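Position 1 is the first residue of the sequence; numbering continues from there. What you are looking at is a predicted structure, and each value in this text was computed from that prediction instead of being measured.
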Amino acid sequence: MGKTYDHIPDKSIQWIKKQEVFWVATAPLSANGHINISPKGLRGSFYVEGPNKVWYNDLTGSGCETIAHIRENGRITILFHALEGAPEILRLHGTGVVHEFGSAEYDARVPASKRMPGSRSVIVVDVHRVGTSCGFGVPVYNFVGHRTSLLAWSGQLEKKDNTFESQSHGDDALYQSGLRGYWRSANKTSIDGLPGLESAPETRVPFVGDMPGPEGAFRGVPSKSGVARDQNLGLTNTSEKNIYADGNIKLVYGLVVGFMASFVFRDIFSFAKGPLKL
């Protein structure tokens, strides 16, 4: 049955560290505003500083709802649920603060040597309520691997920004097409017009960050089919390719078995009707 706490129990902290995905829920104060729920992943992006404080590395996305809502009212709920192993759901209710890329608070938690491409802020949450529940209604899934697409895409945009900054007379096209340009066009305001990113789009700090290795944000999962076998975790998503390959093999196998079975059933039905006439 469900339990509530005024802090994160030690056993829950250890459980959180094993999860590969979490969900963030926020909402504006306006009754007509849009409630937001965002899935988050990538191993090494969520941290528990203590029984009442957590934070996560906020990577670039197509919107800035969480940032905007926290700036307006601070309310946030983070949800974890088990997709493997014993069922469980855990919610962290708290008050959040946004520290953007380039700020001292951001640098204290995300040094350049550990920054992931596309990291735009850290969301720090003071947790005042923790709730657990059974999770019996959540399906069981097998974790395959983390996608590399977001980090690869962000890294390409950051290269444009760094090239622009290295030029004595910067190319305006690079200025507009880099990651900061994307922040200015897509991450400045929320759906409801609330302010999102403020200082990060105007920073002139060079971007430093690289694709994390297996011990960082990615977990390789051995499989007979080689799923998530990409050791370098470069710009290709080996996991997804192998999933499709597995699906094609199973499809062909199913067609062959079905074709052979049709002849077997035909002979059985023919025999049931009586002996063959010669």
Side-chain angles (χ1 to χ4, degrees), residues 24 26 28 36 38 40-47 49 53-74 76 78 95-126 147-213 216-217 235:
V24 175
T26 58
N36 184 67
S38 294
K40 306 290 183 181
L42 297 185
R43 173 168 285 201
S45 62
F46 191 91
Y47 297 85
E49 284 194 359
K53 187 181 289 291
V54 300
W55 67 273
Y56 69 88
N57 195 346
D58 180 45
L59 303 181
T60 298
S62 57
C64 60
E65 300 303 295
T66 302
I67 292 174
H69 296 163
I70 288 178
R71 285 202 188 283
E72 185 199 38
N73 57 67
I76 184 171
I78 299 175
T95 302
V97 178
V98 180
H99 298 301
E100 295 186 35
F101 169 81
S103 67
E105 294 84 358
Y106 174 94
D107 293 340
R109 288 182 168 84
V110 187
S113 60
K114 294 185 177 182
R115 180 180 175 274
M116 298 181 194
S119 176
R120 62 185 178 183
S121 72
V122 294
I123 307 296
V124 183
V125 180
D126 289 319
R147 302 177 190 274
T148 63
S149 305
L150 177 60
L151 300 181
W153 172 79
S154 298
Q156 294 300 319
L157 295 188
E158 290 183 0
K159 288 181 180 179
K160 294 181 179 181
D161 280 292
N162 289 344
T163 300
F164 172 81
E165 295 296 338
S166 67
Q167 297 174 345
S168 56
H169 299 286
D171 183 349
D172 186 64
L174 286 174
Y175 178 75
Q176 298 297 339
S177 62
L179 186 63
R180 290 185 179 89
Y182 185 81
W183 288 345
R184 287 189 292 271
S185 65
N187 290 175
K188 291 281 285 184
T189 59
S190 73
I191 296 173
D192 302 308
L194 297 173
L197 286 180
E198 296 176 347
S199 60
E202 310 308 324
T203 57
R204 305 302 293 269
V205 181
F207 285 118
V208 178
D210 201 357
M211 299 287 286
L235 303 184

Candidate pair Thr66 and Tyr56, rule side chain to side chain contact (heavy atoms under 4.5 Å, CB included), full reasoning:
CA-CA 12 Å; Thr66 302; Tyr56 69 88; 3.5 Å; yes

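- For residues 150-164, every residue pair satisfying the salt bridge (charged side-chain N to carboxylate O under 4.0 Å, His left out) rule, not counting sequence neighbours, is listed here: Arg115-Glu158, Asp161-Arg180.
- Judged by distance alone, with hydrogens and angles left aside, the side-chain atoms of Ser154 form no donor-acceptor pair with the main-chain N or O of Leu151 at under 3.5 Å.
- Looking at Pro201 and Phe101, their side chains never come closer than 4.5 Å, going by heavy atoms from C-beta outward.
- In this structure, the side chain of Ser45 engages the main chain of Gly41 through a donor-acceptor pair within 3.5 Å.
- With contacts defined as side-chain heavy-atom distances shorter than 4.5 Å, the pair Arg109/Val124 qualifies.
- Within the structure, salt bridge (charged side-chain N to carboxylate O under 4.0 Å, His left out) contacts touching residues 53-69 (residues at least two apart or in different chains) are Lys40-Asp58, Lys53-Asp126, Asp58-Arg120.
- Between Phe207 and Trp183, the ring planes lie perpendicular to each other; the angle is over 60°, past the 30° to 60° tilted range.
- The side-chain heavy atoms of Leu194 and Arg71, taken from C-beta on, include no pair separated by under 4.5 Å.
- Shown here are the ring pair (Phe, Tyr, Trp, His ring centres under 6.0 Å) partners of Phe46, two or more places apart in sequence or in another chain: Phe22, Phe80.
- Closest non-hydrogen pair, Ser119 versus Tyr106, comes out as OG-OH, 2.6 Å.
- Looking at Val98 and Ile123, their side chains come closer than 4.5 Å, going by heavy atoms from C-beta outward.
- For Glu100 (side chain) and Ala200 (main-chain N/O), a donor-acceptor pair under 3.5 Å exists by modelled atom type.
- Annotation for Gly196 and Cys64: closest pair CA-SG, 3.8 Å, computed over non-hydrogen atoms.
- With a 4.5 Å cut-off on side-chain heavy atoms, Lys114 and Asn57 do not count as touching.
- Here the side chains of Phe164 and Arg204 are in contact, with some heavy-atom distance below 4.5 Å.
- The two residues Asp192 and Pro28 have their closest heavy-atom pair at OD2-CG, 3.8 Å.
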